[in-house]
Amino acid sequence: MSIPNDHPSHALFDSSYLRACRLQEVEQVPVWFQRQAGRSLPEYRNIRGTGSILDTIANPSLAAEITLQPVRRYGVDAAILFSDIVVPVNAIGFNVDVVPGIGPTVDQPFRDKTDLKRLRVLEPEVDTSYVLATVEILAEELEVPLIGFAGAPFTIASYLIEGQPSRNHARTKSLMHSEPRVWHDLMERLSDIAIASMRSQILAGASAVQLFDSWAGALSAGDYRNYVFPHSQRVFSELEDLEVPRAHFGVGTGELLSLMSEAGADVVGADWRVPIDEVRHRVGSDTAVQGNLDPSICLAEWPVVERQAREVLKAADGQPGHIFNLGHGVLPETDPAILENLVELIHTEGLQLASSGP
Ligand code: CP3
């Protein structure tokens, strides 16, 4: 199957973001920010209300407006759908709550094989029709590509097993090693959910997708290869026919970058721990790179941010296939004026570097 002729990604084919994903030259280095929508924006705090974020996500006109806010304010080169990685599992009845200041929590965590039956197949048109309605509104409104996304099977498994955000992912690793068959069954179900969710977002109008394996960096390369890689690889391969860029991101993944690329990603996002030239070296020359300014730096005064952002551009060396981003999400304390300056800097300096090679 391929995307229909009237899909937005045809009209946006030559946008800087999509060109960079395909490793093509661009006039300006594209930039967007993970968590660009959200609490750092006063306009978000004004309309978000106080209820659960899952209720906000279930309101398509509100979710579309929140997606558009950072695009208007910052002039970023891509929008990211306002949703959350736990939306699909919650929608099939594995109750997940998103607690402000903490993150996803589960009252009845996944404990053993009897819990597998709590993870049925996702039918996006029925279970998460509001997400598709949001994507459809955005496909009409946006002049830059919309990035859809899903949580990677490992990162979702970690939330379901731990029941709350976890520092060492001990229960998850324990299940993985002591009950490998249950583990792989769980990962297959979560992979199916990620595939169904991202396919539906693409068909509704998203021009790219990003698989968030935020906590994969907790694993050794050996465990990643045996217990996670085959599943994430299947997720990417089952999206291949749609021919839109597939990005793959995690935190603390320095030792996993080459595997995350090998899993089938067109773009690999990295945090700030590995300089972007080294990231590029690890992911290989066929894969675009995304990143990787430390979001904490954005809490400093502008001259500090400027210096560090130039370092990222310098490491990227004006080579095609770089999408500027933060190494993780925008922190809620960030002054939006800093991000406004940052977009302007990347658009002007990224251009100069691209044309001032040796
Ligand atoms: O702008 C965007 O990036 C789009 C929206 C988006 C959200 N969550 C909205 C959100 C995206 C892409 C996500 C993905 C997500 N959710 C990830 C992967 C990215 C990453 O950060 O590694 C993860 C791990 C989650 C789980 C999750 N949801 C966490 C850790 C939190 C933060 C809890 C808190 O309050 O600090 C959430 C809640 C959440 N999802 C918020 C937003 C804007 C903040 C809470 C709110 O506004 O009520």
Side-chain angles (χ1 to χ4, degrees), residues 1-4 6-9 37 52-67 78-98 104 106 116-142 145-157 159-160 185-214 231-249 264:
M1 198 201 258
S2 63
I3 48 176
D6 60 351
H7 191 278
S9 63
S52 166
I53 191 171
L54 297 173
D55 295 333
T56 310
I57 290 166
N59 179 335
S61 56
L62 196 51
E65 171 58 22
I66 291 172
T67 305
I80 179 142
L81 176 68
F82 186 76
S83 182
D84 196 86
I85 58 171
V86 297
V87 163
V89 275
N90 186 57
I92 59 165
F94 202 111
N95 286 351
V96 185
D97 200 10
V98 183
V106 177
L116 286 168
K117 63 177 184 307
R118 297 167 63 198
L119 289 163
R120 65 163 170 85
V121 167
L122 176 77
E123 292 179 70
E125 289 74 15
V126 182
D127 299 319
T128 50
S129 57
Y130 47 87
V131 171
L132 304 183
T134 307
V135 173
E136 280 162 19
I137 298 172
L138 290 166
E140 289 283 321
E141 298 267 326
L142 278 167
L146 175 67
I147 305 171
F149 67 89
F154 172 77
T155 289
I156 300 295
Y159 279 120
L160 301 189
D185 194 337
L186 170 61
M187 293 293 277
E188 263 171 45
R189 287 167 198 248
L190 295 176
S191 300
D192 287 338
I193 290 170
I195 293 162
S197 177
M198 288 194 286
R199 283 193 78 87
S200 70
Q201 292 172 50
I202 295 167
L203 291 170
S207 294
V209 280
Q210 180 157 315
L211 188 68
F212 282 102
D213 212 350
S214 301
H231 302 285
S232 294
Q233 185 178 43
R234 184 167 71 88
V235 172
F236 286 117
S237 83
E238 295 213 18
L239 299 169
E240 190 165 15
D241 60 318
L242 296 176
E243 294 179 351
V244 303
R246 298 155 295 173
H248 199 181
F249 170 80

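Numbers here simply count residues along the sequence, with the first being 1.
Listed by chain and number, the residues in a ring-ring contact (aromatic ring centres under 6.0 Å, His included) with F236 are H248 (sequence neighbours excluded). Legend: residues meeting salt bridge (Lys or Arg N to Asp or Glu O under 4.0 Å) with D84, ordered by chain and number and at least two apart, are absent. In this view, F154 satisfies the ring-ring contact (aromatic ring centres under 6.0 Å, His included) rule with no residue, not counting sequence neighbours. A search for salt bridge (Lys or Arg N to Asp or Glu O under 4.0 Å) contacts involving D185 returns R189, not counting sequence neighbours. In this view, T155 and D213 satisfy the side chain to side chain donor-acceptor pair (under 3.5 Å) rule, not counting sequence neighbours.
Among pairs with a residue in residues 191-201, those fulfilling side chain to side chain donor-acceptor pair (under 3.5 Å) read D192-R234, S197-Q201, R199-D241, at least two apart in sequence or across chains.
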**Request:** Would you please test L160 and F94 for side chain to side chain contact (heavy atoms under 4.5 Å, CB included) and show each step?
**Result:** CA-CA 8 Å; L160 301 189; F94 202 111; 3.7 Å; yes
**Message:** Under the criterion side chain to side chain contact (heavy atoms under 4.5 Å, CB included), I'd like the reasoning laid out for N90 against N95: C-alpha separation, chi angles, the key distance, then a yes or no.
**Reply:** CA-CA 5 Å; N90 186 57; N95 286 351; 4.2 Å; yes
**Request:** Step by step, work out the side chain to side chain contact (heavy atoms under 4.5 Å, CB included) result for T134 and F82.
**Result:** CA-CA 9 Å; T134 307; F82 186 76; over 6 Å; no
**Prompt:** For L211 and M198, what are the C-alpha separation, side-chain angles and deciding distance, and is it a side chain to side chain contact (heavy atoms under 4.5 Å, CB included)?
**Reply:** CA-CA 9 Å; L211 188 68; M198 288 194 286; 3.7 Å; yes
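Under the 3.5 Å distance criterion, the side-chain polar atoms of H7 are matched with a main-chain donor or acceptor of I202.
Of all heavy-atom pairs between V135 and G205, the closest is CG1-N, 3.7 Å. Contact between L190 and P153 at its shortest, heavy atoms only, is CD1-O, 3.5 Å. Residue A64 comes nearest to I137 through the heavy atom pair CB-CG2, 3.8 Å, listed as atom of the first residue, atom of the second, then distance. For I195 against L239, the heavy-atom pair with the smallest separation is O-CD2, 4.1 Å. Minimum heavy-atom separation, V121 to D127: O-OD2, 4.2 Å.
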